[in-house]
Amino acid sequence: MEPKIAEKAWDPKLENTILKKWEEEKLYDFQLSDNNYTIDTPPPYPSGRPWHIGAASHYAQIDMIARTARMSGKNVYFPIGIDRNGLPVELYTEKKHGIRMREIERGEFLELCKNALDDLEAEMIQIMKSLGLSGDFKNYYRTDSEDYRKFTQETFIDLWKKGVIYLATRPNNYDWVSGTTIADAEIVYEEIPTKLVYMKFITKETKKEIIIASTRPELLCACKTVIVNPNDERYSDLIGKELIVPLTNNEVKITPHHSAKIEFGSGAVMVCSYGDQNDVALFRELQLGEVIAIGLDGRMTEVAGEYQGLKPKQARTKIIEDLKNANLVEKIEDISHRTPLSERSKTPIEIVPMEEYYLKQKDSLEKMKKLGEEIEFYPNMHKQILMNWLESISIDWPISRRRFYGTEIPIWYCNECSEPFVPESGEYYRPWKDKCPTEKCEKCGNTEFTGEERTFDTWMDSSVSPLFVTKFNRDEEFFKKTYPTAIRPQAKDIVRTWLYYTLLRCEKLTGQKPWSEAWVMGYGLDEKGMKMSKSKGNAIDPIPVIEKSGADTFRFWSASEINQGYDFRCSEQKIESTRKFLSKLWNVSRFLSSFPVIKSGQLSESDKWILSELDKLISICKEGYSKYNFFIPSTAIREFTWNIFAAQYIEIAKARAYGIGFTDEERDGAIFTLHKVLSTILKLLAPITPFITEHLWQTLYSQDSIHKESLPDIENVEDMSEMTQLLSEFNSKVWNEKKQKELSLKDSIKIDVPETLNQFKKDLIAMHNLESN
RNA sequence: GGGCUCGUAGUCUAGCUCGGUUAUGACGUCGCCUUUACAUGGCGAAGAUCCGGUGUUCAAAUCACCGCGGGCCCA
């Protein structure tokens with residue numbers, strides 16, 4: 001009999017043909033029904049080349065979720081989007097073109113960002129498609145499209161009307177030379193020589209001298225407390241006492257805090273608004289009232305008294321002189337200090353409080369905890385990341401950014417009285433270039449307005465993804481049938497941002513949770529377990545890997561190598577070696593393809609045995625799939641297919657399948673069982689390796705796609721799994737003995753079939769050509 | 001620096017909830033074998049102080065405590 005499958009190996013190039021066929025047949029097109037399973041797919045961010053191989057692996061697994069749901073009878077809605085707002089593309093564009101965002105015209109800069117995004121996006125879409133993602137590519141969305149930004153603005157306007165947005169000042173990194181706030185990512189650190197001044201503070205009650213060392217004496221006027229380490233015995237009796245600040249004569253408390261280093265300076269540290277990031281954290285933590293000592297012009301403000309108008313460095317020189325003259329200096333040390341500089345101007349950044357918009361979140365924390373409790377997490381351990389975060393939130397969410405490539409905050413301000421004007425929703429507003437949509441200020445009647453220049457934090461856009469894909473406020477019926485969505489799959493490093501902000505925003509806008517389940521994946525590391533980065537040179541480009549090994553190999557690697565929710569290591573060699581299993585599956589199928597597919601036959605004991613093992617496999621796989629844990633089915637199927645089905649059963653049944661020395665009914669039992677097992681394996685494996693299973697399925701069993709099939713059900717056959725080990729031990733014994741005696745496997749040998757395997761005797765004698773006993 | 005989280009052969013992993021064989025299986029490595037649908041295969045071997053320490057116990061990979069290391073987030 002000629003095998004239907006002639007090729008000796010699975011050729012990953014076939015994947016392209018299969019992809020085209022799926023597309024032509026519109027196999028994964030979504031039609032709204034009453035049984036929708038909506039995936040809140042993460043829109044990936046195109047931040048540079050190459051795309052992270054760990055991310056490619058995430059998307060492969062998200063597709064397994066979609067396929068599992070589809071094969072469980074659900075009508076799967078699997079949207080595809082790209083997140084395109086935010087800082088990384090700005091930095092990428094600046095670097096690529098050697099330009100500075102604020103030094104060229106805003107519209108021109110936005111255009112350059114858009115082009116950069118288009119290139120990077122094309123690569124990601126290509127990877128997602130070639131991985132076999134069964135998503136809705138035709139309707140893929142971009143978070144920087146007019147449509148999406150309009151949507152983001154609408155949700156902002158809604159929340160503005162609900163009164164949960166307010167203005168407040170908060171400290172920002174400020175580069176006064178360029179006149180702009182800068183992001184943490186734009187700060188560089190340099191060791192710069194400076195003076196550490198040991199100043200004399202006086203205790204209020206006992207008039208005792210306390211020495212405090214600082215590199216920023218000009219901020220004495222903004223000093224609100226002095227901290228000492230709680231374990232520092234020198235100060236233990238002073239905790240809670242008042243100190244007199246030199247020159248200003250203000251009174252401040254001594255507070256215990258672990259961040260004070262006993263060995264640095266005198267061990268006592270003055271906390272001012274704001275000397276450095278640590279001061280910011282302390283002001284927040286200790287709830288101190290901030291003092292604005294440095295203005296937006298980079299000069300000392302009026303609170304600095306006679307130093308007003310000086311630059312901090314000048315003020316420092318002068319204040320050191322004045323302290324010396326007043327005999328308030330103990331000593332001065334020349335030290336080298338790790339100073340944060342603006343990457344652009346190379347001047348030290350100042351931390352300056354500025355007005356920003358905030359979204360209220362502190363009053364929703366209890367509600368968020370409750371929603372968190374209701375959402376099922378896979379794996380459950382990652383729910384803790386959310387819960388811990390909810391415990392530690394201490395300020396509301398600052399949502400405005402002084403950046404360009406983002407959704408514009410839709411506000412204009414009256415030039416006369418500064419009253420903000422927030423327009424009605426329904427348009428995409430760009431206040432930095434558009435005319436204010438109202439004629440007159442409601443408060444003072446003035447007709448001149450200035451548009452807001454700031455944009456939203458990028459999480460303002462992505463946190464409404466489940467609302468956007470379910471057409472909230474756009475299509476009532478669609479929304480009703482798809483929201484709350486079924487599942488949010490995402491990576492664990494953005495639980496505190498994307499997952500949390502989505503929960504917050506969706507609850508505020510709809511009163512409901514956005515999804516019933518959250519599936520949280522670990523992080524892809526290099527083969528040594530270190531984080532991959534372009535600068536370290538250990539980043540792996542997924543494109544050549546997928547081209548060489550094929551999407552199914554990549555997917556099977558991802559499924560069988562990654563334990564749910566844990567970080568995982570990526571190695572090209574390991575991915576490539578996974579291909580062996582697909583070869584095995586191919587060859588098993590090639591062998592079976594030489595036998596006709598038949599509906600029934602007379603089952604022997606060995607057939608019943610493998611069917612009972614198959615039943616076990618089905619329940620293990622379905623258990624794994626129900627938890628979206630693809631490690632379980634992939635490793636179980638590999639183990640079964642290779643070590644039980646191919647290594648034992650096929651060998652046992654082979655002689656009978658050929659019909660030599662058996663009746664036709666007995667022969668048909670073997671052929672029936674062989675195909676029954678293989679077709680079941682293919683269906684079980686289809687969510688993980690959709691290409692090879694599709695090809696084998698259509699070659700052997702059906703014109704129709706395997707992806708329209710359901711996952712197989714168990715048949716509750718009698719459990720014979722205790723025979724498995726006995727059979728494989730006996731077979732190994734015979735093979736070994738033949739090898740030792742240098743016999744061919746076909747040669748006959750005299751070995752008795754043990755009593756325990758009596759029921760398989762006929763198959764075993766035929767299999768090993770045993771001299772009958 | 002703080003919080004969280006994880007730690008079983010070179011790598012992935014089972015076992016840990018509820019303590020009790022010689023710690024499971026796979027990848028990789030090494031050796032042997034043209035022999036079956038498959039050398040993209042088969043058979044076999046080596047490889048683990050179960051991160052370290054202390055405690056509880058007749059008995060600890062498993063329970064408790066203290067460290068160390070990786071990762072993530074925040075600073």
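Letters A, B, ... are given to chains in the order of the sequence lines, protein chains preceding strands, and every chain is numbered from 1. The model shown is predicted, which means the values in this text are computed figures rather than measured ones.
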Exercise for the section: Kindly point out which of B/G41, B/C6, B/C27 is positioned nearest to the side chain of A/S577? Expected result: B/C27
Fill in the blank from the handout: With the side chain defined as heavy atoms from C-beta on, A/E639 is closest, among B/C38, B/A26, B/C6, to B/A26
Exercise for the section: Flag the pair A/Y59 / A/W51 as yes when their ring centroid distance falls below 6.0 Å, and as no otherwise. Expected result: yes
Problem - Mate of B/G44 where both pairing distances stay under 3.5 Å, Watson-Crick or G-U - result: B/C30
Practice task
Report which part of the nucleic acid A/Y566 touches: base, sugar-phosphate, or nothing (heavy-atom distance under 4.0 Å, all strands).
Solution key: sugar-phosphate
Fill in the blank from the handout: Between CG of A/D567 and P of B/U11 the distance, given in whole Å, is 15 Å
Practice task
Quickly work out the A/W642 CH2 to B/C27 P distance and round it to whole Å.
Solution key: 6 Å
Handout entry: A/N643 vs B/A26: side-chain N/O to OP1/OP2 distance below 4.0 Å
Key = yes
Exercise for the section: Please confirm whether any donor atom in the side chain of A/K492 sits under 3.5 Å from an acceptor in the base of B/C72, or the reverse. Expected result: no
Exercise for the section: Tell me what A/R496 touches on the nucleic acid: a base, only sugar-phosphate, or nothing, going by heavy atoms under 4.0 Å. Expected result: base
Handout entry: Under-4.0 Å side-chain N/O to phosphate OP1/OP2 contact, A/R569 with B/C12
Key = yes
Practice task
May I ask you to verify if any side-chain N or O of A/K580 is less than 4.0 angstrom from the OP1 or OP2 atom of B/G28?
Solution key: yes
Problem - Distance, C1' atom - from B/C50 to B/U22, rounded to whole angstrom - result: 15 Å
Problem - Out of B/C38, B/C72, B/U13, whichever nucleotide has its closest atom nearest the side chain of A/F631 - result: B/U13
Exercise for the section: May I have the distance from A/W498 (atom CH2) to B/C72 (atom C1'), rounded to whole angstrom? Expected result: 18 Å
Exercise for the section: Send over the distance from A/N587 CG to B/A37 C1', rounded to a whole Å. Expected result: 6 Å
Problem - Pairwise P distance, B/C68 and B/C30 [rounded to whole Å] - result: 39 Å
Practice task
Would you mind classifying the nucleic acid contact of A/S392 as base, sugar-phosphate or nothing, using non-hydrogen atoms under 4.0 angstrom?
Solution key: nothing
Handout entry: Pairwise P distance for B/G67 and B/U5, with rounding to whole Å
Key = 16 Å
Practice task
For B/C63 versus B/C18, give the span between their P atoms, rounded off to a whole number of Å.
Solution key: 8 Å
Practice task
Please determine, for B/U62, whether a Watson-Crick or G-U wobble partner exists with both distances under 3.5 Å, and give it or none.
Solution key: none
Exercise for the section: Quick one: label A/A647 by what it contacts on the DNA or RNA (base, sugar-phosphate, nothing), any heavy atom closer than 4.0 Å. Expected result: nothing
Handout entry: Mate of B/A37 where both pairing distances stay under 3.5 Å, Watson-Crick or G-U
Key = none
Practice task
Please check the phosphate of B/A14 (OP1 and OP2 only) for any side-chain N or O of A/N563 closer than 4.0 Å.
Solution key: yes
Problem - Distance-only donor-acceptor test, A/K574 side-chain atoms vs B/U11 base atoms, 3.5 Å - result: yes
Exercise for the section: Hey, which sits more toward the 5' end of RNA chain B by its nearest nucleotide, A/W389 or A/K654? Expected result: A/K654
Completion exercise
Atom CD of A/Q564 and atom P of B/C12 are separated, to the nearest Å, by 18 Å
Exercise for the section: Could you check whether A/R638 gets within reach of a base, just the sugar-phosphate, or nothing at all, counting any heavy atom under 4.0 Å? Expected result: sugar-phosphate
Problem - Spacing of A/Y523 atom OH relative to B/G7 atom C1', expressed in whole Å - result: 20 Å
Fill in the blank from the handout: To the nearest angstrom, the NE2-P distance between A/H382 and B/G3 comes to 20 Å
Problem - Which residue lies more 5' along RNA chain B, comparing A/Q384 with A/S583 via nearest heavy atoms - result: A/Q384
Problem - Side-chain (A/W586) to main-chain (A/E7) donor-acceptor, under 3.5 angstrom - result: yes
Exercise for the section: Can you tell me the distance, in whole Å, between the CD atom of A/Q648 and the P atom of B/G42? Expected result: 12 Å
Handout entry: Options B/U5, B/C38, B/U40, nucleotide nearest the side-chain atoms of A/E651
Key = B/C38
Exercise for the section: Identify the nucleotide, in any strand shown, that forms a Watson-Crick or G-U wobble pair with B/U57, with both distances under 3.5 Å; if there is none, say none. Expected result: none
Exercise for the section: Provide the Watson-Crick or G-U wobble partner of B/C12, both distances under 3.5 Å; none if there is no partner. Expected result: B/G25
Practice task
Determine the interatomic distance between P on B/A48 and the same-named atom on B/A9; round to the nearest Å.
Solution key: 10 Å
Practice task
Would you please confirm or rule out a distance under 4.0 Å between OP1 or OP2 of B/U36 and any side-chain N or O of A/Y658?
Solution key: no
Problem - Euclidean distance for P, B/G25 against B/G1 (whole angstrom) - result: 43 Å
Practice task
For B/G71, give its Watson-Crick or G-U wobble partner with both distances under 3.5 Å, or none.
Solution key: B/C4
Exercise for the section: Assert yes or no for the condition that the ring centre distance of A/Y658 to A/F662 is strictly below 6.0 Å. Expected result: no
Exercise for the section: Between B/C38 and B/U29, how far apart are the C1' atoms? Round to whole Å, please. Expected result: 23 Å
Problem - Aromatic ring proximity A/H382/A/W519, centre distance under 6.0 Å - result: no
Exercise for the section: Taking the six-membered ring for Trp and the full ring for Phe, Tyr or His, determine whether the centres of A/W397 and A/Y358 are under 6.0 Å apart. Expected result: no
Exercise for the section: Assign the ring pair A/F645 / A/Y649 to parallel, tilted or perpendicular, where the plane angle (0 to 90°) is split at 30° and 60°. Expected result: parallel
Exercise for the section: Taking atom C1' in both B/C12 and B/G3, compute the distance separating them and give it to the nearest angstrom. Expected result: 29 Å
Exercise for the section: First locate atom OG of A/S634, then atom CG of A/L685, and finally report the distance between them rounded to the nearest 0.5 Å. Expected result: 8.5 Å
Practice task
Check whether any side-chain heavy atom of A/F640 lies under 4.5 Å from a side-chain heavy atom of A/V677, and answer yes or no.
Solution key: yes
